[in-house]
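Read through the structure below, which is laid out as structure tokens, and then see the notes.
Numbering starts at 1 and runs along the sequence shown.
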Amino acid sequence: MAENVQYPDLVIVGAGLFGLTVAQQAVERAGARVHIIDVRDHIGGNAYSYFDKETGAEIHKYGAHLFHTSNKRVWEYVNRFTEFTNYVHRVYATHDGVVYPLPINLGTINQFFGASYTPDEARKLIEEQAGELAGTDPQNLNDKGIQLIGRPLYEAFIKNYTGKQWQTDPADLPADIIKRLPVRFNYDNRYFKDTWEGLPKDGYTAWMERMIDDPRITVSLKTDFFDESQPYNKKALLAAGVPVVYTGPVDRYFDYELGDLKWRTVDFKEVRYDEDDHFGCPVMNYSDADVPYTRAIEFKNFNPERYDSQNHEKTVVWEEYSRFAERGDEPYYPINTDEDKALYARYAEKAAAEPKVVFGGRLGTYKYYDMHNVIDTALTAFDEQVLPLIAK
């Protein structure tokens with residue numbers, strides 16, 4: 001099948017942010033011809049979005065994606081392809097029929113305890129409530145959570161939410177999942193602390209399309225790297241010596257020969273309401289065990305600046321359910337137990353020995369990345385690994 005194919009200078013497997021960034025850099029800085037393949041029917045990876053016809057909302061197909069960074073290089077880079085809104089992310093949580101601001105801050109504490117503590121008084125209270133486990137070395141997440149923020153706040157906002165996320169009793173989860181639980185002793189409920197924050201003005205997909213708007217970049221969607229009936233498959237590309245950037249699952253690349261790396265995935269249930277605004281905010285967490293989903297996303301509320309193009313008689317909400325991923329599921333979050341880390345280290349050794357193949361992105365390096373991290377690592381990988389492979 002590949003015998004008569006004239007291959008480009010670089011093939012990129014995966015049209016997510018890592019692959020798109022490398023493609024853009026390869027064309028701009030090396031004059032390369034690049035072909036991108038993706039098994040999905042769209043570009044953008046998990047940041048892909050589309051507009052809902054009924055409500056006018058921009059739906060983030062793989063869950064809420066919120067751009068934020070303190071990295072000047074990344075901020076300047078992304079602003080070449082999109083303008084950003086002035087959106088500032090704030091999250092609320094429903095516990096026992098009452099809505100509280102998150103992350104836990106002085107407003108949360110005073111509302112929860114029905115008090116008017118000063119910052120010093122609140123700090124002292126938390127220290128006292130954490131005291132039952134002071135000086136111990138908790139080995140499970142439940143005890144660690146109590147040690148960090150005290151039993152009342154932990155049990156209200158963390159325990160059941162975490163149990164739903166992991167589908168496991170926190171007493172059976174390792175303590176190192178939560179190194180810390182930030183508590184703010186002021187009324188700041190801005191979720192991120194980064195220098196820059198916002199959402200792309202005309203949507204994520206428009207941003208990504210601009211990144212590869214160059215005739216030297218071509219794209220094949222619904223194309224599987226491991227399908228030998230199409231020319232851009234692993235076997236043919238390696239045989240032809242074509243440089244490859246691979247952003248798929250690293251264990252899949254090696255046919256799982258050392259075993260499966262473990263991930264969590266999320267499922268979404270769509271609910272539509274005959275009202276303009278259901279929550280009054282974009283993201284509502286559900287901290288209690290009797291609600292089966294972890295949070296709900298009301299997409300219209302990410303973009304109040306689009307008010308005139310939205311339907312104010314309808315809104316759409318996605319409820320988010322977390323579970324352990326199986327083969328064939330979308331892998332979202334690496335589980336990263338000691339066993340997983342050791343297994344990935346063995347895969348990383350094999351990856352390093354692959355000639356002319358650069359592994360990158362969340363799936364290719366078994367790491368959870370925010371979008372700005374993906375772009376930063378892609379820019380670095382291009383400089384250090386890809387450019388030497390394609391430089392003419």
Side-chain angles (χ1 to χ4, degrees), residues 1-48 73-74 77-78 80-81 207-250 252-254 348 350-365 369 371 373-392:
M1 182 76 193
E3 287 173 11
N4 301 318
V5 175
Q6 187 174 1
Y7 287 117
D9 303 308
L10 178 67
V11 171
I12 296 174
V13 182
L17 268 172
F18 191 97
L20 298 180
T21 301
V22 170
Q24 187 278 327
Q25 289 285 286
V27 164
E28 179 176 271
R29 295 179 49 202
R33 293 173 304 112
V34 180
H35 191 70
I36 304 171
I37 67 169
D38 199 296
V39 73
R40 290 172 171 172
D41 63 358
H42 59 77
I43 68 164
N46 281 13
Y48 169 77
R73 171 173 80 154
V74 169
Y77 180 74
V78 298
R80 294 176 53 190
F81 309 104
W207 161 18
M208 315 266 173
E209 286 171 345
R210 278 190 214 100
M211 290 179 73
I212 55 169
D213 184 14
D214 189 291
R216 292 166 293 183
I217 299 174
T218 53
V219 180
S220 297
L221 299 174
K222 295 191 278 190
T223 302
D224 187 347
F225 182 57
F226 303 101
D227 174 9
E228 293 183 10
S229 72
Q230 60 82 22
Y232 294 95
N233 68 76
K234 176 185 172 183
K235 184 177 179 182
L237 291 168
L238 293 186
V242 180
V244 171
V245 172
Y246 176 81
T247 69
V250 62
R252 173 70 183 95
Y253 182 93
F254 294 106
K350 291 178 71 66
E354 282 290 284
K356 293 193 174 182
V357 181
V358 174
F359 291 75
R362 218 169 27 93
L363 304 178
T365 58
Y369 286 124
M371 286 181 284
N373 301 129
V374 174
I375 294 165
D376 189 47
T377 56
L379 291 170
T380 299
F382 178 79
D383 286 342
E384 297 178 358
Q385 297 174 269
V386 180
L387 188 55
L389 291 177
I390 62 173
K392 293 175 179 175

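Residue pairs meeting the salt bridge (charged side-chain N to carboxylate O under 4.0 Å, His left out) criterion with at least one member in residues 350-361, sequence neighbours excluded, are Glu257-Lys350.
To the nearest 0.5 Å, atoms CD1 (Ile375) and OG1 (Thr380) are separated by 12.0 Å. Note that the NZ atom of Lys234 and the OH atom of Tyr246 stand 8.0 Å from one another [nearest 0.5 Å]. Rounded to the nearest 0.5 Å, atoms CD1 (Ile212) and CD (Glu209) are 7.5 Å apart. Distance check, rounded to the nearest 0.5 Å: CD of Glu28 to CE of Met211 gives 10.5 Å. Note that CD of Gln25 is 5.0 Å distant from CG of Leu379, once rounded to the nearest 0.5 Å. Atoms CZ and OG1, from Phe382 and Thr21 in turn, are 11.5 Å apart once rounded to the nearest 0.5 Å.
What you find for Gly31 and Asp9 is that their closest heavy atoms are O-OD2, 4.5 Å. Pro243 and Leu389 get closest at one heavy-atom pair: CG-O, 4.0 Å. Considering every non-hydrogen atom in both Ala23 and Ile36, the closest pair reads CB-CD1, 3.8 Å. Nearest heavy atom pair, residue Thr218 against residue Pro215, reads CG2-O, 4.4 Å. Between Thr247 and Val13, the closest heavy-atom pair is OG1-O, 2.6 Å. The shortest non-hydrogen separation linking Ile390 to Ala26 is CD1-CB, 3.8 Å.
Under a 3.5 Å cut-off, the side chain of Thr223 and the backbone N or O of Leu221 do form a donor-acceptor pair. Counting only distance, with no hydrogens or angles, the side chain of Glu228 and the backbone of Asn233 share no donor-acceptor pair below 3.5 Å.
Every residue meeting the salt bridge (Lys or Arg N to Asp or Glu O under 4.0 Å) condition with Asp214, not counting sequence neighbours, appears here in chain and number order: Arg216. Contacts of Asp383 classified as salt bridge (Lys or Arg N to Asp or Glu O under 4.0 Å), with partners at least two apart in sequence or in another chain: Arg29. Under the rule for a side-chain hydrogen bond (donor to acceptor under 3.5 Å, both in side chains), Lys222 has no partner lying at least two apart in sequence or in another chain. By the side-chain hydrogen bond (donor to acceptor under 3.5 Å, both in side chains) test, Asp227 pairs with Ser229, sequence neighbours left out.
Relative ring orientation between Tyr7 and Tyr232 is described as perpendicular, the plane-to-plane angle rising above 60° on a 0-90° scale split at 30° and 60°.
Between Tyr369 and Phe18, the ring center distance fails the sub-6.0 Å criterion.
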Exercise for the section: Go through Arg362 and Val374 one step at a time and tell me if the side chain to side chain contact (heavy atoms under 4.5 Å, CB included) criterion holds. Expected result: CA-CA 8 Å; Arg362 218 169 27 93; Val374 174; 5.7 Å; no
Problem - Step-by-step side chain to side chain contact (heavy atoms under 4.5 Å, CB included) determination, Val11 to Phe225 - result: CA-CA 10 Å; Val11 171; Phe225 182 57; 5.8 Å; no
Pairs under 3.5 angstrom only: tabulate donor-acceptor contacts from the side chains of residues 41-48 to other protein residues two or more places apart or in another chain.
{"from": "His42", "atom 1": "NE2", "to": "Tyr62", "atom 2": "OH", "distance (Å)": "2.8"}
{"from": "Asn46", "atom 1": "OD1", "to": "Arg40", "atom 2": "NH1", "distance (Å)": "3.0"}
{"from": "Asn46", "atom 1": "OD1", "to": "Arg40", "atom 2": "NH2", "distance (Å)": "2.8"}

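Using a 4.5 Å heavy-atom cutoff, the side chains of Val34 and Pro8 are not in contact.
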